[in-house]
Amino acid sequence: MRLNGIRLPHHKNTENCETVDIKCPERVIISMSQHIGAPAEPTVKVGDEVKVGTKIGDADLRMTCPIHSSVSGRVDKLGEMLLPNGKVCRTVEIVSDGKMEPDEGLSPPVITDRASLAAAVRASGCCGMGGAGFPTHVKLDYDEEKVHIDTLIINAAECEPYITSDYRELMENHERVIGGMKLVREILGIERVVIGIEENKPKAIALFRDKLSGESGFEVMKLRSSYPQGAEKVIAYYATGRIVEEGRIISDYGMIVLNASTTGLIWDYSRTGMPFVSRRVTVDGDAVGKPCNLRAPIGTQISRLLEAAETDTENMKRLIAGGPMMGISLYDPGLPLLKTNNAFLAFKSEAKKEMQTNCIKCGRCIAACPLGLMPAEFERAYDRRDREALNRLKINLCMNCGSCSYVCPAKRPLAEKNQLAKGFAISR
Amino acid sequence: MKEYTVSPSPHIRAGTTTSRIMLHVIIATVPAMIASAVFFGRRALMLIAFCALSAMLWERLIRFVMKRPDSTDDLSAMVTGILLAFNLPATLPVWMAAIGTFVAIVVVKQMFGGLGQNFANPAIVGRIVLMLSFTSHMTHWVLPDNVDAVTSATPLVTEDKFSYLDLFLGHCGGCLGETSKLALLIGAGYLAAMRVITLHAPLAFVGTVYLFSAAVGQDPIYQMLSGGLILGAFFMATDYVTTPVTNKGRVVFGIGCGIITCVIRFWCNAPEGVSYSILLMNIVTPYIDMFTRKKAVGGIYQKDKKEASE
């Protein structure tokens with residue numbers, strides 16, 4: 001069986017752009033909420049001296065991982081900010097001394113078994129770098145009595161248009177990614193490791209086939225160029241043929257899915273002890289003069305990245321964090337870089353107000369949905385506030401990939417309605 | 001601070017719009033229009049233009065009367081007008097055609113809520129109303145090349161058979177748009193290539209007619225090439241609004257149309273069954289949709305749960 005999906009224009013303009021380090025920013029604003037899950041609390045005070053890698057925030061909660069200073073300098077302010085998702089969170093603002101000195105206390109972790117690996121991953125502040133940002137240590141924290149993980153899937157599909165940050169990780173740091181694959185495999189005793197790469201990245205496929213040839217237990221899986229191949233359930237299905245049923249999680253089926261850059265980060269931390277303090281981010285879009293891949297400290301203001309990419313900010317009308325399909329549009333370029341941001345897209349055009357017509361029941365949304373859902377039916381059920389119908393149609397499975405909205409000729413806001421309907425279905 | 005407009009994802013949309021789809025359908029009808037002009041003369045083109053324009057006019061008027069925004073720019077009224085014209089004999093007086101477009105646009109489409117809300121195909125109902133109201137005019141078939149002279153019969157009622165080639169090219173009596181199967185298939189090929197239609201319903205429809213005819217001892221190829229089957233299967237049974245949304249449902253729809261068409265053709269006192277079959281299947285479309293709902297990947301349904309617990 002083939003899951004549905006849609007063909008998108010690729011716009012991988014930056015695929016050959018080597019990663020460039022940006023100039024050390026004078027100030028970073030580090031959000032205490034970097035990913036889904038509970039936010040951290042600042043562990044530093046105004047005036048504290050910090051180095052690169054010094055822990056500045058943490059919370060003793062399962063879905064939280066620590067946050068580290070991305071520059072060396074002095075804590076200037078503990079503030080608050082409005083995140084693009086509408087939540088308010090605390091921030092730590094650090095004035096950089098420009099030296100980027102690493103913290104002397106950093107040392108590589110000792111990893112001997114699953115518990116120590118999970119602890120090390122948590123300590124590294126690692127969360128999914130592909131966009132959704134699930135704290136990685138939680139994926140490694142499963143009940144060994146109940147489940148046996150037999151497959152590790154490395155997600156390098158990067159199916160969203162424009163973004164090439166994972167691709168550059170594959171091309172520039174293949175030894176990090178492979179090292180991470182081997183480390184996780186060895187510690188967890190996993191039989192099979194599959195790295196899934198979309199066919200629009202033939203160089204990466206060839207490189208990994210070459211580097212992994214002769215190694216047993218490693219496979220390079222060529223994925224069709226179709227959106228959303230990189231969705232966790234979709235890539236897991238193609239790697240193993242297993243379908244994750246509603247209400248269950250992927251590890252129940254013996255699988256772990258890690259993003260390629262995340263895998264590289266785990267390896268890096270295991271070698272150097274340097275936590276998650278910087279990342280690669282693609283800057284592209286028609287308002288960007290020099291589309292590129294930049295490496296920047298977490299907390300760098302987006303305006304600095306746009307500047308480095310020679311963006312025409314005068315004429316910029318729209319700024320999106322992430323890809324054009326699932327990214328979040330931002331209200332202010334002064335917002336800081338988060339751990340989960342893999343791209344910033346700047347466009348000269350406003351969001352198009354297209355002519356909306358009644359649903360013409362063409363069935364395109366139904367043919368597009370990768371999970372076989374019926375978005376047009378969701379819309380009708382939501383409009384009449386029919387909770388029972390929404391649940392019967394499995395609104396809970398919608399992952400907001402946006403394929404339905406993309407293909408709709410009547411330009412109905414299907415993905416948006418799905419989100420509203422999802423919230424409505426679980427409310428009372 | 002400069003402010004930016006935020007909007008929910010996705011931030012890009014496919015170029016396909018409702019009006020573009022309708023435009024594709026209009027383009028797909030051009031070969032059949034040309035064929036109708038070749039076989040039935042200028043009068044055919046005149047009637048097509050009249051139907052298209054009167055349909056748009058009715059739409060504009062009724063939207064104005066109902067105090068709703070004008071919707072003629074989605075071009076769906078024009079498509080309805082053209083398809084209705086295709087179902088009329090070239091000799092039909094224009095005032096009758098105007099009644100047909102009135103029924104199609106005002107009664108069938110706009111009274112039910114406009115685009116996307118009608119349960120039956122407007123052009124089909126327009127044709128059926130005209131057929132029942134003005135039967136003699138609607139069955140005043142003329143042979144091609146002889147528009148003003150001889151009244152003829154359609155291939156389905158005549159005793160003298162037409163050759164397959166004449167039927168395929170359209171050199172036979174019938175409604176102005178339905179005779180040339182070649183022209184219709186070129187248009188249908190265009191629609192399929194542009195991904196406007198899927199071929200599930202039409203192939204199931206035509207295939208069922210073929211098998212059914214063969215099973216009851218009729219000439220299956222003659223049945224396939226006669227009457228409005230090709231027009232109905234590729235242009236009416238593929239109408240989004242009034243046919244099922246899933247491919248499975250579309251196959252069921254096509255098979256149902258094929259069976260009803262054959263039953264009417266062979267055993268009823270009516271010359272042609274395509275339009276009635278499509279109308280009847282339009283009516284059961286919501287039920288087909290209900291029974292051919294897709295199952296979500298990874299969805300657990302009540303029935304499965306019971307089975308699992310047993």
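Every chain is numbered from 1 and lettered A, B, ... according to where its sequence line falls, protein lines coming before strand lines.
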Undergrad: Looking only at heavy atoms, what is the nearest atom pair of B:Ala296 and A:Leu373, with distance?
TA: CB-CD2, 3.4 Å
Undergrad: Give, as side chain, backbone, both or neither, the part of A:Ile6 having an atom under 4.5 angstrom from any heavy atom of chain B.
TA: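 Neither part, no heavy atoms under 4.5 Å.
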Undergrad: Considering non-hydrogen atoms only, spot the tightest contact between B:Ile12 and A:Tyr406 and give its length.
TA: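 Between these two residues, the closest heavy atoms are O-CD1, 3.3 Å.
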Undergrad: Looking only at non-hydrogen atoms, find the nearest pair between A:Asn358 and B:Leu115 and report the distance.
TA: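 It is ND2-O, 2.7 Å.
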Undergrad: Do the side chain of A:Lys361 and the main chain of B:Gln117 share a donor and acceptor less than 3.5 angstrom apart?
TA: no
Undergrad: Identify which part of A:Pro161 has an atom lying under 4.5 Å from any heavy atom of chain B, answering side chain, backbone, both or neither.
TA: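 Contact with chain B: side chain only.
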Undergrad: Let me know if A:Met374 has heavy atoms under 4.5 Å from chain B in its side chain, its backbone, both or neither.
TA: side chain
Undergrad: Side chain from CB out, backbone as N, CA, C, O: work out which of these in A:Leu371 comes under 4.5 Å of a heavy atom of chain B, or both, or neither.
TA: both
Undergrad: Do A:Ser405 and B:Arg13 touch side chain to side chain, with heavy atoms closer than 4.5 Å?
TA: yes
Undergrad: Any non-hydrogen side-chain atom of A:Ile360 less than 4.5 Å from a side-chain atom of B:Ile21?
TA: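 Answer yes - side chains close enough.
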Undergrad: Is it the side chain or the backbone of A:Asn391 that comes within 4.5 Å of chain B heavy atoms, both, or neither?
TA: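 Interface part for A:Asn391: neither.
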Undergrad: Could you look at A:Arg242 and say if it's the side chain, the backbone, both or neither that has a heavy atom under 4.5 Å from chain B?
TA: neither
Undergrad: Do the non-hydrogen side-chain atoms of A:Lys317 and B:Thr5 ever get within less than 4.5 Å of each other?
TA: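 No; the side chains remain at least 4.5 Å from each other.
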Undergrad: Between B:Arg20 and chain A, which part of the residue has a heavy atom less than 4.5 Å away: side chain, backbone, both or neither?
TA: neither
Undergrad: So, does B:Thr16 use its side chain to make a donor-acceptor pair with the main chain of A:Pro409 at under 3.5 Å?
TA: no
Undergrad: Go through the atoms of A:Thr357 and report whether side chain, backbone, both or neither lie under 4.5 Å from a heavy atom of chain B.
TA: side chain
Undergrad: Tell me, side chain or backbone of B:Ser76 under 4.5 Å from chain A's heavy atoms, or both, or neither?
TA: neither
